[in-house]
Protein chains: 2
Amino acid sequence: MICTDKNCFSPETVRRLAVYLQNFERLIKNGVDVVSSGQISKLLNVSPEQFRKDLSYFGEFGKRGVGYQTESLVYELKKILGLNQAWQVALVGVGRLGCALLNSQDFSELNVRITAAFDSDKKNIDKTVNGIHIHDIINFKKIIKQKKIRICVISVPLDHAQAVTDLAVESGIEAILNFAPVILNVPENIHVSNMDIYCELERLIFFLNK
Amino acid sequence: MICTDKNCFSPETVRRLAVYLQNFERLIKNGVDVVSSGQISKLLNVSPEQFRKDLSYFGEFGKRGVGYQTESLVYELKKILGLNQAWQVALVGVGRLGCALLNSQDFSELNVRITAAFDSDKKNIDKTVNGIHIHDIINFKKIIKQKKIRICVISVPLDHAQAVTDLAVESGIEAILNFAPVILNVPENIHVSNMDIYCELERLIFFLNK
DNA sequence: ATAACTTTGTTAATTATTTCACAAAATATA
DNA sequence: TATATTTTGTGAAATAATTAACAAAGTTAT
């Protein structure tokens with residue numbers, strides 16, 4: 001539960017806002033000017049009330065009798081999520097997954113970008129992947145401080161994940177996106193998000209199994 | 001909310017069960033025989049009550065005054081999640097991410113395995129990645145039926161994700177793990193789990209931004 | 001200009017999830 | 001053996017999140 005001056009909203013609201021943003025951006029590309037919460041509902045499997053309520057925590061963005069203007073909602077959602085400024089992201093671990101993540105970035109108007117990569121393997125250090133320089137992990141703290149980076153993606157093998165996390169925390173990183181299958185130990189002011197493919201597959205299997 | 005004969009539990013419970021399993025397996029490797037819910041709580045950032053209640057929906061697995069035997073809890077968790085049998089998984093899209101996923105599998109005692117990969121690019125078809133044959137997507141339905149595969153990972157580019165999903169559904173796939181940044185349209189009996197790195201990064205940014 | 005329709009924003013009601021509190025069971029100690 | 005201590009399992013209470021209901025605002029049709 002997250003509280004502002006007047007209202008309290010669920011952490012799930014934030015997750016959905018990012019989905020709304022993504023899909024409104026696509027709607028603009030498809031030439032859609034205006035959509036109603038009902039149409040969004042069908043598109044995103046979210047109830048229309050949910051959609052309206054999620055937005056209502058941050059202001060009034062629709063027009064009664066009409067719906068939501070895609071252009072202006074994208075602008076507002078970016079502002080809500082903090083995406084009206086550029087965010088640099090660091091990545092540690094340029095193995096296959098790390099490499100895939102570095103390459104997944106196109107050069108469009110993204111305001112969230114991996115701009116520094118780190119590895120401990122001499123074979124990778126000082127190479128470039130998709131235009132991003134791979135630094136020696138030895139220099140992590142220095143570069144993070146220099147570039148004022150606050151977010152770090154961890155894509156190292158399981159047994160290095162906690163050590164990298166400790167280094168990240170010590171270097172001033174405030175948010176971690178973790179791909180290693182382990183619950184990281186961090187101070188409580190650090191935000192962590194885990195992406196674990198096997199946990200997700202197991203979750204799906206649970207539902208198949210009934 | 002998921003209901004059995006007597007109790008109803010949250011979908012989050014299932015997600016946590018997979019995390020418990022993962023971590024109890026590690027505890028065994030580290031030579032730990034018995035742990036209490038209090039110890040687990042510190043390890044996994046889950047309240048001890050939460051942990052006990054999550055398990056209580058499925059039976060009594062601890063010993064009062066003592067705690068939980070790691071070996072037997074792993075056995076029980078696997079049974080609960082349906083992992084006491086082997087599950088084959090298909091993967092569509094052997095790009096960088098797909099390749100990383102195929103290579104992430106070691107040859108240990110995993111009972112969830114990607115056993116068939118598919119692509120539409122002639123350059124990839126009939127190659128082998130980490131021992132897994134890459135089939136022409138043309139043969140998807142045939143092979144899925146043949147191997148009786150029920151789960152599919154989608155790691156194709158955004159603009160192909162819905163077409164692949166439609167093919168998967170038509171082929172009898174019942175659960176999809178989707179890496180494409182799009183909400184897939186599926187019949188309501190199909191389970192979908194989305195892994196979207198940019199949504200996750202945006203969620204983290206929201207919290208940094210306050 | 002008026003009436004009929006649409007769609008938002010929001011309070012209240014409902015439903016879902018977590019936490020609390022404590023009895024029951026097991027162990028350790030004296 | 002009796003008492004103190006630990007820890008589980010669970011119904012009840014508290015908290016959180018979603019859904020329902022509807023007034024308010026805008027649009028369309030006549």
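Each chain gets a letter, A, B and so on, in the order the sequences are listed, and its residues count up from 1.
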### Query
Hey, which of these two, A:Phe61 or A:Gly65, hits DNA chain C nearer its 5' end, going by closest nucleotide?
A:Gly65

### Integer-rounded Å distance: D:dG9 P and B:Glu76 CD
11 Å

### Task
Check whether any side-chain nitrogen or oxygen of A:Ser37 sits under 4.0 Å from OP1 or OP2 of C:dT7, and answer yes or no.
no

### Query
Toward the 5' end of DNA chain D, which comes first, A:Arg52 or A:Arg64, by nearest nucleotide?
A:Arg52

### Query
Between A:Gln88 and A:Lys147, is there a donor-acceptor pair closer than 3.5 Å when you use the side chain of the first and the backbone of the second?
yes

### Message
I'd like to check A:Asp54 versus A:Phe9 (side-chain heavy atoms, cut-off strictly below 4.5 Å). Are they in contact?
### Response
no

### Message
Just the rounded figure in Å: distance from P of C:dT18 to CG of B:Leu44.
### Response
15 Å

### Query
So do the side chains of B:Gln162 and B:Val182 get within less than 4.5 Å of each other, counting heavy atoms only?
no

### Query
With respect to the side chain of A:Gln50, which nucleotide from D:dG26, D:dT19, C:dT27 is positioned closest?
D:dT19

### Message
Rounding to an integer number of Å, can you tell me how far B:Leu73 CG sits from D:dT7 P?
### Response
16 Å

### Query
Reckon A:Ser10 has a side-chain N or O less than 4.0 Å from the OP1 or OP2 of D:dA16?
no

### Query
Given atom CG of A:Asn7 and atom P of D:dT15, what is their separation to the nearest angstrom?
19 Å

### Task
Identify which nucleotide among C:dA16, D:dT19, D:dT10 has an atom closest to any side-chain atom of B:Met1, counting heavy atoms from C-beta outward.
C:dA16

### Query
Which heavy-atom pair separates B:Ile137 from B:Val92 by the least distance, and what is that distance?
CD1-CG1, 3.7 Å

### Rounded distance in Å - CZ (B:Phe9) to C1' (D:dG9)
17 Å

#### Entry: Ring centres under 6.0 angstrom apart (B:Phe51, B:Tyr68)
yes

### Which nucleotide in D:dT8, D:dT10, D:dA21 has an atom nearest any side-chain atom of B:Tyr68
D:dT8

### Query
Looking for any heavy atom pair under 4.0 Å, which part of the strands does A:Thr13 touch: base, sugar-phosphate only, or nothing?
nothing

### Query
Any side-chain N or O of A:Arg16 less than 4.0 Å from the OP1 or OP2 oxygen of D:dT18?
yes

### Task
Mind calculating the distance between CZ (A:Phe58) and P (C:dG9) to the nearest angstrom?
14 Å

### Query
Taking all non-hydrogen atoms of both residues, which atom of B:Leu102 and which atom of B:Asn130 are closest, and how far apart?
O-ND2, 2.9 Å

### Task
Could you check whether B:Glu49 gets within reach of a base, just the sugar-phosphate, or nothing at all, counting any heavy atom under 4.0 Å?
base

### Task
Describe the nucleic acid contact of B:Phe51 in one word from base, sugar-phosphate, nothing, applying a heavy-atom distance below 4.0 Å.
nothing

### Query
Given atom OH of B:Tyr57 and atom C1' of D:dG11, what is their separation to the nearest angstrom?
12 Å

#### Entry: Proximal nucleotide (of C:dT18, C:dA12, D:dA21) relative to the A:Lys53 side chain
C:dA12

### Gap between atoms CD and P, on A:Gln69 and C:dT7 respectively (whole Å)
15 Å

### Message
Judged by each residue's nearest nucleotide on DNA chain D, which is more toward the 5′ side, A:Pro11 or B:Gly62?
### Response
B:Gly62

